[in-house]
**Student:** 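Below: one structure in structure tokens.
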Amino acid sequence: MSAARGDGAADPGPLLVACALRIEQAALRSAGRGDHALLRTGMGPRAAGRSVGRALERPGMERAAVLATGFCAGLVPGMHPGDLVVAAETRDPRGVVACTGTGLLAEALARAAPGRTVHTGALTGSDHVVRGQERAQLRATGAIAVDMESAATLWAAARAGRPPEGGRPVAAVRVIVDAPEHELVRIGTVRGGISAFRVLRAVLPAFYDWHRSLLLPRR
């Protein structure tokens with residue numbers, strides 16, 4: 001096990017980037033190889049939780065930082081396909097997981113995808129695709145976006161291995177593929193899906209910036 005660094009920062013270990021869908025994996029792979037492990041979990045909270053838990057049991061992953069990513073549905077009127085969501089926390093029926101370095105991650109995303117709006121707030125989990133009135137009901141809880149895997153991914157990550165120095169760094173970044181005024185039927189078949197794919201492909205460097213920020217001395 002790695003020891004804490006002498007400058008006051010703990011080694012965050014490797015970066016595990018988790019997505020659910022093949023199209024999300026394709027977007028991230030097309031961005032090029034980098035210093036991360038890419039995990040496709042499969043769709044839905046149960047598959048995401050199982051896959052992440054198994055991945056973090058592998059040798060060398062005890063201290064891994066985990067970032068959940070992919071597409072999502074926006075809940076707030078005025079959102080557009082291609083906008084970015086940075087979770088301040090993820091929620092599902094089991095509880096809330098607070099995210100690490102939300103502000104720094106939002107700034108890195110703004111640099112990586114200039115011209116795209118970056119929204120920060122609560123990201124809620126669902127076990128099905130959310131449409132119509134249910135979208136408004138989730139917004140009333142204070143959430144700004146919904147997807148099926150982020151909450152389960154971070155819940156599993158927060159409880160796997162439990163690194164000793166203040167917990168495992170976790171984050172969630174989602175690209176809006178549909179929104180209240182822009183509901184889509186199928187990802188990738190309309191302009192909004194194509195826009196979201198391109199944005200997801202562009203933001204991988206921001207994930208590295210976030211991961212490197214974990215090495216900064218903690219005050």
Side-chain angles (χ1 to χ4, degrees), residues 10 12-21 24 37 39-58 61-76 79 84-106 109 118-131 133-177 179 207 210-211 213-214 218:
L15 172 61
L16 177 67
V17 177
C19 64
L21 304 177
E24 297 165 342
L39 173 70
R40 184 166 72 89
T41 65
M43 190 168 67
R46 188 169 299 178
R50 282 198 304 260
S51 294
V52 171
R54 287 196 298 264
L56 294 176
E57 291 174 355
R58 298 171 188 162
M61 298 298 287
E62 298 86 357
R63 308 177 65 84
V66 176
L67 190 149
T69 195
F71 304 134
C72 72
L75 300 177
V76 180
M79 287 179 160
L84 287 149
V85 172
V86 182
E89 63 183 33
T90 58
R91 308 171 175 175
D92 70 6
R94 293 169 295 185
V96 174
V97 177
C99 295
T100 310
T102 299
L104 288 169
L105 183 51
L109 288 164
V118 181
H119 307 269
T120 303
L123 179 59
T124 194
S126 175
D127 61 1
H128 59 277
V129 175
V130 172
R131 299 200 181 280
Q133 184 59 32
E134 189 176 4
R135 204 188 291 260
Q137 294 169 353
L138 290 175
R139 182 190 171 203
T141 70
I144 65 169
V146 57
D147 75 271
M148 290 196 287
E149 295 85 24
S150 291
T153 293
L154 299 201
W155 183 269
R159 280 148 185 79
R162 291 184 177 268
E165 295 87 10
R168 184 187 306 280
V170 295
V173 172
R174 290 277 165 171
V175 183
I176 293 174
V177 74
F207 301 169
W210 172 77
H211 188 230
S213 78
L214 302 176
R218 297 176 183 173

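Here the structure is a predicted model, which is why all the values come from computation and not from measurement.
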**Student:** Decide yes or no for Ile144 and Met79: does some side-chain heavy atom of the first lie under 4.5 Å from some side-chain heavy atom of the second?
**Tutor:**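 Yes, side chains in contact.
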**Student:** Report the residue from Leu67, Leu154, Leu214, Val66 that forms a side chain to side chain contact (heavy atoms under 4.5 Å, CB included) with Thr100.
**Tutor:** Leu214
**Student:** Just by modelled atom types, is the Val146 backbone N or O under 3.5 Å from a matching donor or acceptor in the Thr124 side chain?
**Tutor:** no
**Student:** Going by heavy atoms in the side chains, are Pro45 and Asp92 under 4.5 Å from each other?
**Tutor:**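 No - every pair of side-chain heavy atoms lies 4.5 Å or more apart.
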**Student:** Check for a donor-acceptor pair, side chain of Thr153 on one end and backbone N or O of Ala48 on the other, with a separation under 3.5 Å.
**Tutor:**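 No, because the side chain of Thr153 does not come within donor-acceptor range (under 3.5 Å) of the backbone of Ala48.
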**Student:** Does the His128 side chain pair with the main chain of Met148, one donor and one acceptor, at a distance under 3.5 Å?
**Tutor:** no
**Student:** Which atoms form the tightest heavy-atom contact between Ala157 and Leu56, and what is the distance?
**Tutor:** CA-CD1, 3.7 Å
**Student:** Kindly give the heavy-atom pair with the smallest separation between Thr41 and Ala20, and that separation in Å.
**Tutor:** OG1-CA, 3.6 Å
**Student:** Just checking Arg58: does its CZ atom have more than 12 heavy atoms from other residues, nucleotides or ligands closer to it than 6.0 angstrom?
**Tutor:** no
**Student:** Do you know the tightest heavy-atom contact between Glu24 and Phe71?
**Tutor:**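 Reported closest heavy-atom pair: OE2-N, 2.9 Å.
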**Student:** Which pair of heavy atoms, one from Trp210 and one from Gly101, lies closest together, and at what distance?
**Tutor:**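 Nearest pair, atom of Trp210 first, then Gly101: CD1-O, 3.8 Å.
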**Student:** Please check: side-chain N/O of Arg91 versus main-chain N/O of Thr141, any donor-acceptor pairing under 3.5 Å?
**Tutor:**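 Between the backbone of Thr141 and the side chain of Arg91 there is a qualifying donor-acceptor contact (under 3.5 Å).
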**Student:** Other residues, nucleotides and ligands only: do more than 12 of their heavy atoms fall within 6.0 Å of CE on Met61?
**Tutor:**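 Counting other residues, nucleotides and ligands, CE of Met61 exceeds 12 neighbours.
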**Student:** Between Arg135 and Gly74, is there a donor-acceptor pair closer than 3.5 Å when you use the side chain of the first and the backbone of the second?
**Tutor:** yes
**Student:** Who passes side-chain contact (heavy atoms from CB on, under 4.5 Å) against Ala87, sequence neighbours left out?
**Tutor:** Thr90, Cys99, Leu123, Ala172
**Student:** Testing the basics here: between Ala106 and Val118, what is the closest heavy-atom pair and its distance to 0.1 Å?
**Tutor:**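 Closest pair (atom of Ala106, atom of Val118, distance): CB-CG1, 4.0 Å.
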**Student:** Indicate yes or no: at least one non-hydrogen side-chain atom of Arg50 is less than 4.5 angstrom from one of Arg46.
**Tutor:**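 Sidechains of Arg46 and Arg50: in contact.
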**Student:** Given 3.5 Å as the limit, does a donor-acceptor pair link the side chain of Glu149 with the main chain of Cys19, or not?
**Tutor:**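 Looks like no, no N/O pair under 3.5 Å.
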**Student:** What's the separation between atom CG in Leu138 and atom CD in Gln133, rounded to the nearest 0.5 Å?
**Tutor:**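 The CD atom of Gln133 is 10.5 Å from CG of Leu138, to the nearest 0.5 Å.
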**Student:** For Arg174 and Cys72, work out which heavy atoms get closest and say how close.
**Tutor:** CB-SG, 3.5 Å
